Amino acid sequence: MMMSEKYEESKLYRLRHSAAHVMAQAVLEKFPEGKVAIGPPVEDGFYYDFDLPRPLTPEDLEEIEARMREIIKANAPFTREMVSAEQAREIFNGQPYKLELIDALETGGVDEHGNPVDEKPVISIYKSDTFVDLCRGPHLESTGQINPKAIKLMSVAGAYWRGDEHNPMLQRVYGTAWLSPKDLKEHLWRLEEAKKRDHRKLGRELDLYSISDAVGSGLVLWHPKGAIIRHLAERFWADEHLKHGYDFVYTPHIGKADLWKTSGHLDYYAENMYAPIEIENQQYYLKPMNCPFHIEIYKSDIRSYRDLPMRYAEMGTVYRYERSGVLHGLLRVRGFTQDDAHHFCTEKQMPEEIDFVLSFSLNILRSFGFDQISAYLSTRPEKAVGEPERWQAAQTALEASLKRAELPYEIDEGGGAFYGPKIDLKIKDALGREWQLSTIQFDFNNPERFDMTYIDEDGQAYRPYMVHRALLGSTERFFGILIENYAGAFPVWLAPVQVAIIPIADRHVDYARALATELKAAGLRVDLDDRSDRMNAKIRDAEKQKVPNMLVVGDREMENNQVDVRRRSGERLGALPIAEFKALALEDVANKVVG
RNA sequence: GCCGAUGUAGCUCAAUGGUAGAGCAAUCGCCUUGUAAGUGAUAGGUUAUGGGUUCGAUUCCCAUCAUCGGCUCCA
């Protein structure tokens, strides 16, 4: 559906906007005393917010959807009218949310959705059938242009008026709308597919991890099969870091209140931190970030320009208080391990250091099978610490690296943190969904706060540049994304079980056992299914567990010292000598083959 | 945290104001099998937790906890 045309100018956008109006009419007919708020198109559909006397039920949605089809059938034209603020107030008398929007429109500076705009907008209304809405448009010519078989109401959820949690909670009805029934069907199929890949479902089915009530919300228990994947990923991660000039450090999980005072966390981040632990009249906090510890290591000695650049890396486990409603499987948790690193360098080294860290990041991401990578460059916000020249130098270096890496990127003007500009890397998964993984951030704040220095050639102390980066983000979140991307069918190098050996009858078990020993000795992770079940059942189980290779062994294989290879794709490689299969499997592992 | 929904066996789900049932999984047999489910039996539950209404609650009500869909938040 993605075309060069801007979404806001597309027919699909107008269609969805119009569908939102049709829905609002249907809802108001059912609840004449209901208040309407706003109803824009969104990705994949539209929504409309209402203030209604009672919560909507799924049955209500069906009824509303049926009524929408009737309104569409009536083929009422959409007509636009310009009105004065006074006229608008009269029309929307009794609709407090609309009146609030009219006031805002009159004052100028925001559009009908409350978003800031430059020019003072004119006030327009759209009418269709019995429904009138304060609306900038555009819309279709008439309701009949909506295909009644290409719309569907999806869900109802709470949403704050104008997105502010201090405002009343409204009921938001989500719908999806498409140009054709086929498009709708495809969209619903994608939703189904996403459901099948949900890491929470697969996490249970493949026995990868769990989250136990007894332990606590947002605290992940890694089961053996999840843990081996994490271990392999971390081992690869560690090897690459050692090869590329990183030093490993290990730091504790708690630190004294003064440390967090110095770093500024207690002033700016306290609401995300766990409550302090008091011991011997000292308060200690669980760490929400690793930086202060790495900085203390830096400061444990006088640093010379000859020592720089320094790269401290750590799989650092941090704890952050997340509000209960935002937790989500592995993707949003309260305790997680960051693949963290801090670079310290001189001004001169800085551009090269950025170049290095970006290309290093890309290599790591690609090794995990993520080839579609794009970037966001976030620049200096209004309120910021650090000298403007440093900001400029850092931004220039970041952008130059992006260009050299030939990465598609967008600039988020003013989107940087107050302490420094950054690059965020996003990957696209197998379903085309985007996930932000890596972040490379300058920090002009902590070097000041901790008074970090290095001695340069001239014998003077200078402030080092500090770059904070995480490539995978957090192991928990990254794991969740990996699960969804591969739908649980991990590349062979990461698969918890790489080979399932399936003897056909009990008399083949000894042969199978010897085979297992041989393959394990070669470094493969092997599971021997010696249950007295039928071969078909064993294959089914191995398939469901997404084991990449299944080796069926019976009389024929025993006779010839062979294995009959079946891939989880269903592909049959037929009977191969053991050595040949072994070489094949090891090659797949070494090449990090996906499939 | 807020709005709404949900919470029954390891998993997926039934059922009822009179103390719960299936399929899969598990366990024990029988079968000895050629590329996605052979077959029989057994065991498994303080119906999330705590209160309340009732002669009686798993069912109705309240609170708490957790999960799900959103909102807000996500250095």
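A, B, ... follow the sequence lines: proteins, then strands. Residue 1 opens every chain. The shown structure was predicted, so the numbers you read here are calculated from the model rather than taken from an experiment.
Ranking B:G34, B:G70, B:U72 by closeness to the A:D564 side chain, first place goes to B:G34. Side chain of A:V326, nearest nucleotide from B:C31, B:G4, B:U72: B:U72. Picking from B:C71, B:G34, B:C31 the nucleotide with the shortest atom distance to the side chain of A:M535 gives B:G34. Side-chain proximity of A:V552 to B:A36, B:G34, B:G38: nearest is B:G34. The side chain of A:N536 lies closest to B:U35, out of B:G1, B:U35, B:G34. Each of B:A66, B:G34, B:U72 was ranked by its minimum atom distance to the side chain of A:D213; first place goes to B:A66.
Side-chain atoms of A:R332 come within donor-acceptor range of the base of B:C73, with a qualifying N/O pair under 3.5 Å. Checked by distance alone, A:D506 brings a side-chain donor or acceptor within 3.5 Å of a matching partner on the base of B:U32. In the interface, the side chain of A:Y47 is not paired with the base of B:G70 through any donor and acceptor atom under 3.5 Å apart. With hydrogens and angles left out, the side chain of A:E557 and the base of B:G34 share a donor-acceptor pair within 3.5 Å. With hydrogens and angles ignored, no donor-acceptor pair closer than 3.5 Å exists between the side chain of A:S217 and the base of B:C65.
A close approach under 4.0 Å does occur between a side-chain nitrogen or oxygen of A:H328 and OP1 or OP2 of B:G69. Note on A:R534: every side-chain N or O is 4.0 Å or more away from OP1 and OP2 of B:U35. Within the structure, every side-chain polar atom (N or O) of A:Y174 is placed at least 4.0 Å from both OP1 and OP2 of B:G4. Note on A:R507: a side-chain N or O is less than 4.0 Å away from OP1 or OP2 of B:U33. Phosphate proximity of B:G4 to A:T57: absent, as no side-chain N or O sits under 4.0 Å from OP1 or OP2. An OP1 or OP2 oxygen of B:C68 is reached within less than 4.0 angstrom by a side-chain nitrogen or oxygen of A:R200.
Atom C1' of B:A22 sits at a distance of 16 Å from the matching atom of B:U16, rounded to the whole Å. For B:A57 and B:G1, the P atoms lie 32 Å apart once the distance is rounded to whole Å. Of the P atoms belonging to B:U58 and B:G51, the separation is 12 Å, rounded to the nearest Å. Only the P atoms considered, B:G7 is 25 Å distant from B:G44, to the nearest whole Å. Nucleotides B:G4 and B:C61 have their P atoms positioned 15 Å apart, rounded to a whole Å.
Base contact: A:D555 has a heavy atom under 4.0 Å from a base atom.
Looking only at atom types and distance, the side chain of A:E484 has no donor-acceptor partner in the side chain of A:W435 under 3.5 Å away.
Annotation: A:Y376, atom OH; neighbour count of heavy atoms from other residues, nucleotides and ligands within 6.0 Å does not exceed 12. Environment of CD in A:E33: crowded, with over 12 heavy atoms of neighbouring residues, nucleotides or ligands closer than 6.0 Å. Other residues, nucleotides and ligands place no more than 12 heavy atoms under 6.0 Å from the NZ atom of A:K256.
Both tests hold for A:K287 against A:F293: distance to the six-membered ring centre under 6.0 Å, angle to the ring axis within 45°.
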